[in-house]
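Working notes, structure below.
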Amino acid sequence: MAILPIRIIGDPVLRTVAEPVTDFGPGLRRLVDDMMETMEDVDGAGLAAPQVGVSQRLFTYQFDGRRGHIVNPVLELSEDDQDDAVEGCLSIPGVAFPVRRRARAHVKGSDADGNPIEFDAEGLLARIAQHETDHLDGILFPDRLEGEDRKAALRAIRALDYRSVADATVTKRASHVGSAFGSGQGAAFGGGATA
């Protein structure tokens, strides 16, 4: 297993709609293991494959003793919203804002071996599933903000020096030997901090 470098805002992979996973071989299992290790290393609550530079529909999660991954996730969301909660993202270091999310999500997909997975999520787990699935659709949490919060988030992003972070990421990426899915960077969801 390996700790994968994290892709930072401005990297095109973060704005690309990820492709469905079709190959459930050892390369996918290795990617899942590396993503789990990376998520744990940064104490993240979730990590989407595009955040490690892999444009595939896959995310990992850990919350309140539950941990796992889901390949090709499909979410069925409740109509009602949960209370707004502060979200951050390892792909956007130093920026966190309250984001509105649906209260519950029914999550369907498969594991790395192609076996069906299905579970209900509410609260923070539902938030994680929505945040990570957004990554698979090229959406970052500031895209979900409105009004003054959106303006403040965009100002904060412009004010931060992501060039030095991006340069360090590129250096780390160059030293990483890629898997069958490519070398990568990663970022995890952060609820408040990087929960």
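Values below: every heavy atom of this structure, side chains too, minus hydrogens, waters and symmetry copies.
Take Asp111 and apply the side chain to side chain donor-acceptor pair (under 3.5 Å) test, not counting sequence neighbours, and it matches Asn115. Partners of Asp80 according to the side chain to side chain contact (heavy atoms under 4.5 Å, CB included) rule, which considers only residues two or more places apart in sequence or in another chain, are Ser78, Ala103, Arg104. Take Arg102 and apply the side chain to side chain donor-acceptor pair (under 3.5 Å) test, not counting sequence neighbours, and it matches no residue. For the side chain to side chain donor-acceptor pair (under 3.5 Å) test, no residue two or more places apart in sequence or in another chain qualifies with Glu37. The salt bridge (Lys or Arg N to Asp or Glu O under 4.0 Å) test applied to Asp83 returns no partner, not counting sequence neighbours. In this structure, the side chain to side chain contact (heavy atoms under 4.5 Å, CB included) partners of Phe97, at least two apart in sequence or on a different chain, are Val95, Phe141, Leu145, Asp149, Ala152, Ala153. By the salt bridge (Lys or Arg N to Asp or Glu O under 4.0 Å) test, Glu19 pairs with no residue at all, sequence neighbours left out.
Judged purely by atom type and a 3.5 angstrom limit, His69 uses its side chain to pair as donor or acceptor with the backbone of Ala112. At least one donor-acceptor pair under 3.5 Å links the side chain of Gln130 to the backbone N or O of Ala126. In this structure, Gln51 contributes its side chain and Ala48 its backbone to a donor-acceptor pair below 3.5 Å. At least one donor-acceptor pair under 3.5 Å links the side chain of Asp34 to the backbone N or O of Ala2. In this structure, the side chain of Gln62 does not engage the main chain of Ala45 through any donor-acceptor pair within 3.5 Å.
Between Val86 and Ala96 the shortest heavy-atom distance is CG1-CB, 3.6 Å. Here the closest non-hydrogen pair linking Leu77 and Ala105 is CD2-CB, 3.6 Å.
Put simply, the side chain of Ile8 reaches to within 4.5 Å of the side chain of Pro93, judged on heavy atoms. Two residues are said to be in side-chain contact when any heavy atoms from C-beta on lie closer than 4.5 Å; Asp23 and Leu28 fail this criterion. Two residues are said to be in side-chain contact when any heavy atoms from C-beta on lie closer than 4.5 Å; Val32 and Leu58 meet this criterion. You'll find the side chain of Leu136 stays beyond 4.5 Å of the side chain of Val17, heavy atoms only. Annotation: side chain of Ser91 is in contact with side chain of Leu14 (closest heavy-atom distance under 4.5 Å). Proximity of Ile117 to Lys108: side-chain heavy atoms (C-beta onward) are nowhere separated by under 4.5 Å.
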- Message: Under the criterion side chain to side chain contact (heavy atoms under 4.5 Å, CB included), I'd like the reasoning laid out for Asp84 against Val99: C-alpha separation, chi angles, the key distance, then a yes or no.
- Response: CA-CA 5 Å; Asp84 291 359; Val99 180; over 6 Å; no
- Message: The test is side chain to side chain contact (heavy atoms under 4.5 Å, CB included); show your working for Ile70 and Val107 and say whether it passes.
- Response: CA-CA 9 Å; Ile70 189 152; Val107 183; 3.4 Å; yes
- Decide yes or no on side chain to side chain contact (heavy atoms under 4.5 Å, CB included) for Arg101 and Glu87, but give the supporting numbers first. CA-CA 10 Å; Arg101 297 284 184 184; Glu87 288 184 20; 2.9 Å; yes
- Message: Let's go through Leu47 and Thr38 carefully: what are the C-alpha distance in whole Å and the side-chain angles of both, what is the deciding distance for side chain to side chain contact (heavy atoms under 4.5 Å, CB included) to 0.1 Å, and is it a yes or a no?
- Response: CA-CA 8 Å; Leu47 182 63; Thr38 302; 3.9 Å; yes
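Hydrophobic clustering of Ile, Leu, Val, Met, Phe, Trp and Tyr side chains at less than 4.5 Å, counting indirect connections, keeps Ile139 apart from Leu90.
Judged as a salt bridge (Lys or Arg N to Asp or Glu O under 4.0 Å), the pairs with a partner in residues 113-122 (not counting sequence neighbours) are, in order, Arg29-Asp113. Contacts classified as ring pair (Phe, Tyr, Trp, His ring centres under 6.0 Å) and involving residues 36-62 (residues at least two apart or in different chains) are given here: Tyr61-Phe119. Sorted by first and then second residue, the salt bridge (Lys or Arg N to Asp or Glu O under 4.0 Å) pairs with a member in residues 135-148 read Arg15-Asp143, Arg57-Asp137, Asp134-Arg144, Glu148-Lys151; sequence neighbours excluded.
More than 12 heavy atoms of other residues, nucleotides or ligands sit less than 6.0 Å from atom CZ of Arg150.
Between the CE atom of Met35 and the CZ atom of Arg30 there is a distance of 14.0 Å, given to the nearest 0.5 Å. From Glu132, atom CD reaches atom SG of Cys89 across 7.5 Å, with rounding to the nearest 0.5 Å.
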